[in-house]
Amino acid sequence: MRVVSILGLKGGSTKSTLTAHLAVAAHHAGILTAIVDTDPQATLRMWSTRRQTEGPPVRPETTPDFLEPTLREFERQGAELVLIDTAGKAEIMGKRAAELSDLVLIPSRTSLADMDAVPTSHAMAQGLGKPNFVIFTDVDVSGAKKDVKEAAAGFVSRGIPTGREHGAPFICHRKGYKSCLIDGSTIQEIEPEGRGAEEIDALFRWVAKQVGLKVKRKRTEKQHG
């Protein structure tokens, strides 16, 4: 079983959205996937109750000491991939999640406010010896390549690895994301032929490669509802 944490000590940094979309992409690719929602607000737990399609399962866990037993239970049930959604400012849980992970993803917009919060998360993962990458999300489509290139260069100059320099796609701002967490869907389910679905699928496949997961079949999203 592989474990990937979505880490960020800043609230509102697209962690839950990214976690849900990567989990559904994995689920559609035939990988037995689960989510652990460590955010006390239970954003993904509520998202899962509104889903009208099967999987992936979401389990809330807000106690750091219980996180490992939760992962072991998913492993016992046959999970191949578990994604851990962490809460902003929850340093103890974030550190525990990173400690138990094979890979740490740090989502960030290209704004200075978001980028300034990244070094703390990177230092935490790096201190634990965990591979970690900044993943650019919610990028304005207008000027996206330029913005991401400049932001990535800034991180690299500080010794912070980004997915971009290792072949990961960035995720652009799309109108479809706005309703996803509200109605229990994902962009690849409401807009299966759209660019957003294409970006998420590409990022999922990159993540799978980083942790050594074999993707069993091509993308098979179905219309939500």
Side-chain angles (χ1 to χ4, degrees), residues 1-8 11-62 66-67 70-71 73-88 90 93 97 101 105 107 135 137-138 171-208 211 213 215-225:
M1 186 180 80
R2 301 290 186 267
V3 179
V4 177
S5 284
I6 316 300
L7 182 66
S13 60
T14 74
K15 294 186 297 292
S16 296
T17 299
L18 185 61
T19 302
H21 281 77
L22 289 176
V24 170
H27 178 71
H28 287 161
I31 293 174
L32 296 176
T33 307
I35 296 171
V36 179
D37 183 1
T38 70
D39 190 339
Q41 295 184 44
T43 300
L44 292 184
R45 177 59 177 168
M46 291 186 289
W47 166 81
S48 71
T49 64
R50 292 188 288 268
R51 279 183 66 71
Q52 298 176 30
T53 56
E54 183 181 354
V58 178
R59 176 168 175 174
E61 185 50 75
T62 58
F66 294 161
L67 185 54
T70 296
L71 294 175
E73 177 60 20
F74 274 134
E75 185 173 35
R76 187 190 67 79
Q77 294 172 6
E80 299 169 275
L81 174 66
V82 176
L83 292 131
I84 304 176
D85 180 34
T86 63
M93 177 59 93
S101 296
L105 303 181
I135 301 297
T137 60
D138 201 26
I171 305 300
C172 287
H173 174 83
R174 308 282 179 190
K175 291 182 180 179
Y177 287 114
K178 187 174 182 180
S179 63
C180 287
L181 293 184
I182 296 174
D183 66 11
S185 64
T186 62
I187 200 166
Q188 58 263 49
E189 292 165 324
I190 63 174
E191 299 176 3
E193 303 302 323
R195 290 297 299 276
E198 182 180 330
E199 291 167 357
I200 290 293
D201 186 63
L203 180 58
F204 154 66
R205 290 171 185 275
W206 180 84
V207 169
V211 297
L213 274 177
V215 179
K216 298 176 181 179
R217 60 175 181 259
K218 295 182 180 179
R219 180 161 54 98
T220 58
E221 293 90 338
K222 295 182 179 179
Q223 183 69 30
H224 176 66

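For Asp85 and Ser16, the side-chain atoms include at least one donor-acceptor pair closer than 3.5 Å.
Heavy-atom minimum distance, Ile84 versus Ala97: CG2-CB, 3.9 Å. Between Ala25 and Ile200 the shortest heavy-atom distance is CB-CG2, 4.1 Å. Shown here for Ile190 and Cys180, the closest heavy-atom pair between the two residues is CD1-SG, 4.1 Å. Shown here for Leu7 and Pro107, the closest heavy-atom pair between the two residues is O-CD, 3.4 Å. Contact record, Thr70 with Glu61: OG1-OE1, 3.4 Å, taken as the closest heavy-atom pair. Cys172 and Tyr177 make their closest contact through O-CE1, 3.5 Å (heavy atoms, listed as atom of the first residue, atom of the second, distance).
A distance of 8.5 Å separates OG in Ser48 from CG in Asp37, rounded to the nearest 0.5 Å. Here the CZ-CG distance, from Arg205 to Leu203, works out to 12.0 Å after rounding to the nearest 0.5 Å. Expressed to the nearest 0.5 Å, how far NE2 of His27 lies from OG1 of Thr186 amounts to 10.0 Å. Taken from CG in Leu105 to CD1 in Ile135, the straight-line distance is 5.0 Å, to the nearest 0.5 Å. The NE2 atom of His21 lies 10.5 Å from the OG1 atom of Thr14; values are rounded to the nearest 0.5 Å. To the nearest 0.5 Å, atoms CG (Leu18) and CZ (Phe204) are separated by 12.5 Å.
Checked for salt-bridge contact, Glu189 and Arg51 meet the test: a charged N lies under 4.0 Å from a carboxylate O. A salt bridge links Glu199 with Arg174; the closest basic N to acidic carboxylate O contact falls under 4.0 Å.
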**OP:** Carefully, step by step, assess Val36 and Val82 under the rule side chain to side chain contact (heavy atoms under 4.5 Å, CB included).
**Re:** CA-CA 7 Å; Val36 179; Val82 176; 3.8 Å; yes

**OP:** Before giving the answer on side chain to side chain contact (heavy atoms under 4.5 Å, CB included), spell out for Met1 and Leu81 the whole-Å C-alpha distance, their side-chain angles and the decisive distance to 0.1 Å.
**Re:** CA-CA 6 Å; Met1 186 180 80; Leu81 174 66; over 6 Å; no

**OP:** Show your reasoning for whether side chain to side chain contact (heavy atoms under 4.5 Å, CB included) applies to Asp201 and Gln188.
**Re:** CA-CA 8 Å; Asp201 186 63; Gln188 58 263 49; over 6 Å; no

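Between the side chain of Trp47 and the backbone N or O of Ile182, no donor-acceptor pair lies under 3.5 Å. Without hydrogens or angle criteria, Lys15 side chain to Ala87 main chain gives no donor-acceptor distance under 3.5 Å. Under the 3.5 Å distance criterion, the side-chain polar atoms of Arg2 are matched with a main-chain donor or acceptor of Val211. Without hydrogens or angle criteria, Arg45 side chain to Asp39 main chain gives no donor-acceptor distance under 3.5 Å.
Residues Leu213 and Val207 fail the side-chain proximity criterion, which asks for heavy atoms closer than 4.5 Å. Between Ile35 and Arg59, every side-chain heavy-atom pair lies at or beyond the 4.5 Å cut-off. Val4 has its side chain out of reach of Ser101: every pair of non-hydrogen atoms, C-beta onward, lies at least 4.5 Å apart.
Just one of Leu83, Thr38, Thr17 meets the side chain to side chain contact (heavy atoms under 4.5 Å, CB included) condition when paired with Ile6; it is Leu83.
At most 12 non-hydrogen atoms from other residues, nucleotides or ligands lie less than 6.0 angstrom from CD of Gln41.
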